[in-house]
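Working notes for the structure below.
Here is the naming used below: chain letters follow the sequence lines, and residue numbers restart at 1 for every chain. Remember, it's a predicted structure, so these values are computed and weren't measured experimentally.
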Number of protein chains: 2
Amino acid sequence: MALIRSEGREFEQTSKRIPMLKISELSARTGLSTHTLRFYEKHGLISASERSEAGYRYYSDTDVRRVEFVRSARHIGFSLNDISELLSIRVDKSSHSCQDVTDITEAKLEEVNTRIAELQSMQQTLQILLDSCCGGPESATHCSIMEALEAEQEREIEQGLRSGSHGR
Amino acid sequence: MALIRSEGREFEQTSKRIPMLKISELSARTGLSTHTLRFYEKHGLISASERSEAGYRYYSDTDVRRVEFVRSARHIGFSLNDISELLSIRVDKSSHSCQDVTDITEAKLEEVNTRIAELQSMQQTLQILLDSCCGGPESATHCSIMEALEAEQEREIEQGLRSGSHGR
DNA sequence: ATAAACCTTAGAGTCAGGTCTAAGGTCAAC
DNA sequence: GTTGACCTTAGACCTGACTCTAAGGTTTAT
């Protein structure tokens, strides 16, 4: 069943003859170690669409894209389980209803939105700290995260929360 | 040195007589277990500003705010080391230069900005998936994350990246 | 004054997510 | 045809961040 490796390491993939990558090449390309790639495969997140007769993994460009998706989702902070769930979102035309798909997707989207909001709150705090510190127009008295947060709170209270929507 | 606990559990804190919290009360307030609070203390992230004679921890409102900061930073995805670094940003008027502080802060701010950008990219992908799936104007052919990503890429290429800034 | 519900510490256990090792097979070049 | 750089697997090990346990002291209500 498995296609045999020809010289130049090309499989008959999508009839375009794009060279497939060995695991160390994929590793170099994605910045994930070969250990990690095999680990992800063991956990069902990725796979190599071909194997040589000897069992060597060969990755197509589709495989590469999937690996890149996993890597960036990990980087964002999704767990392997989350990613697994994200990747499993798929309508198979009969058994799975579209409602299932949109439910999961909407839940994940909400998670993402929440995380963005929290990060923006942290962004604001850091920016205030930066502005407050030494030479900023806010004087040099606020010089730690906690002081910046307190200064932020005071300002909010004084000004009656004019522009809403920061944090908890 | 430690102030003795009076009835009603109030210490002479900021001359306002705000009741201080015991560890289980702080736990209830923050949603962090008492184990976790002691664990954070062991790692230098938080502390109780008072201890009773018997060694019970008592937390002031300043302590509480610090704990809440740690909790939300953890939730965002900062490691305990990151948080430790964030909390240590502080000018002590002589030894530490303001440049040090702003350097660290700017670095963290950049981290936060990067993470926001990545999350926004994921947000967009999920939104496309949602739009593409079953009944959306984009037809029902794209029904998985990977297909949504590919559809997104194609659209970007076709339209020559009109609005930039959705990474990798 | 005793029970129930707290609190203390030191240290062991757990889980996710890698990371590494051992023991061996494969391949390209010389 | 052998060397060195690859590849394979199973499984042991590591780190971060909790989470729990044991053994005991304290506080509050009855």
Closer than 4.0 Å, any side-chain N/O of [X] to the OP1 or OP2 of [N]?
{"X": "B/Arg71", "N": "D/dA17", "answer": "no"}
{"X": "B/Arg57", "N": "D/dT26", "answer": "no"}
{"X": "A/Ser24", "N": "D/dC7", "answer": "yes"}
{"X": "B/Tyr58", "N": "C/dC7", "answer": "no"}
{"X": "A/Arg74", "N": "C/dG18", "answer": "yes"}

Which whole-number value in Å describes the distance from [X] [atom1] to [N] [atom2]?
{"X": "A/Glu53", "N": "D/dC7", "atom1": "CD", "atom2": "P", "answer": "18 Å"}
{"X": "B/Glu25", "N": "D/dT28", "atom1": "CD", "atom2": "C1'", "answer": "13 Å"}
{"X": "B/Asn81", "N": "D/dA17", "atom1": "CG", "atom2": "P", "answer": "7 Å"}
{"X": "B/Leu26", "N": "C/dT8", "atom1": "CG", "atom2": "P", "answer": "11 Å"}
{"X": "A/Glu41", "N": "C/dG17", "atom1": "CD", "atom2": "P", "answer": "17 Å"}
{"X": "B/Asp82", "N": "D/dA17", "atom1": "CG", "atom2": "C1'", "answer": "13 Å"}
{"X": "A/Lys22", "N": "D/dT8", "atom1": "NZ", "atom2": "C1'", "answer": "13 Å"}
{"X": "A/His43", "N": "D/dA10", "atom1": "NE2", "atom2": "C1'", "answer": "13 Å"}

The criterion is salt bridge (charged side-chain N to carboxylate O under 4.0 Å, His left out); which residues satisfy it with A/Arg65, sequence neighbours excluded?
A/Asp61, B/Glu150
Among residues at least two apart in sequence or on other chains, which ones pass salt bridge (charged side-chain N to carboxylate O under 4.0 Å, His left out) with B/Arg74?
none
Between the protein and nucleotides 19-22 of chain D, which nitrogen or oxygen pairs are less than 3.5 angstrom apart?
none

Taking B/Glu111 first and then B/Arg115, would you say they form a salt bridge - that is, a charged N and a carboxylate O separated by under 4.0 Å?
yes
If the plane angle is over 60° it's perpendicular, under 30° parallel, otherwise tilted; pick one for A/Tyr56 and A/Tyr58.
parallel
How would you label the contact of B/Ser79 with the nucleic acid (heavy atoms, under 4.0 Å): base, sugar-phosphate, or nothing?
sugar-phosphate
Check whether any side-chain N or O of B/Ser121 sits under 3.5 Å from a backbone N or O of B/Ala117 as a donor-acceptor pair, and report yes or no.
no
Sequence neighbours excluded, the answer for side-chain contact (heavy atoms from CB on, under 4.5 Å) partners of A/Ser79 is A/Asn81, A/Asp82
Taking only nitrogen or oxygen atoms into account, show me every contact under 3.5 Å that the protein makes with nucleotides 23-26 of chain C, one pair per line with its distance.
residue : atom : partner : partner atom : Å
C/dG25  : N2   : A/Tyr56 : OH           : 2.6
C/dT26  : O4'  : A/Tyr56 : OH           : 3.2

Answer yes or no: is there a side-chain heavy-atom contact under 4.5 Å between B/Phe69 and B/Ile46?
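Not in contact.
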From the list B/Leu130, B/Leu126, B/Thr125, side-chain contact (heavy atoms from CB on, under 4.5 Å) with A/Lys108 holds only for B/Leu126
Sort and list the pairs that fulfil salt bridge (charged side-chain N to carboxylate O under 4.0 Å, His left out) and have at least one residue in residues 31-41 of chain A, not counting sequence neighbours.
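Every salt bridge (charged side-chain N to carboxylate O under 4.0 Å, His left out) pair that includes a residue of residues 31-41 of chain A, provided the two are not neighbours, is A/Glu41-A/Arg51, A/Glu41-A/Arg57.
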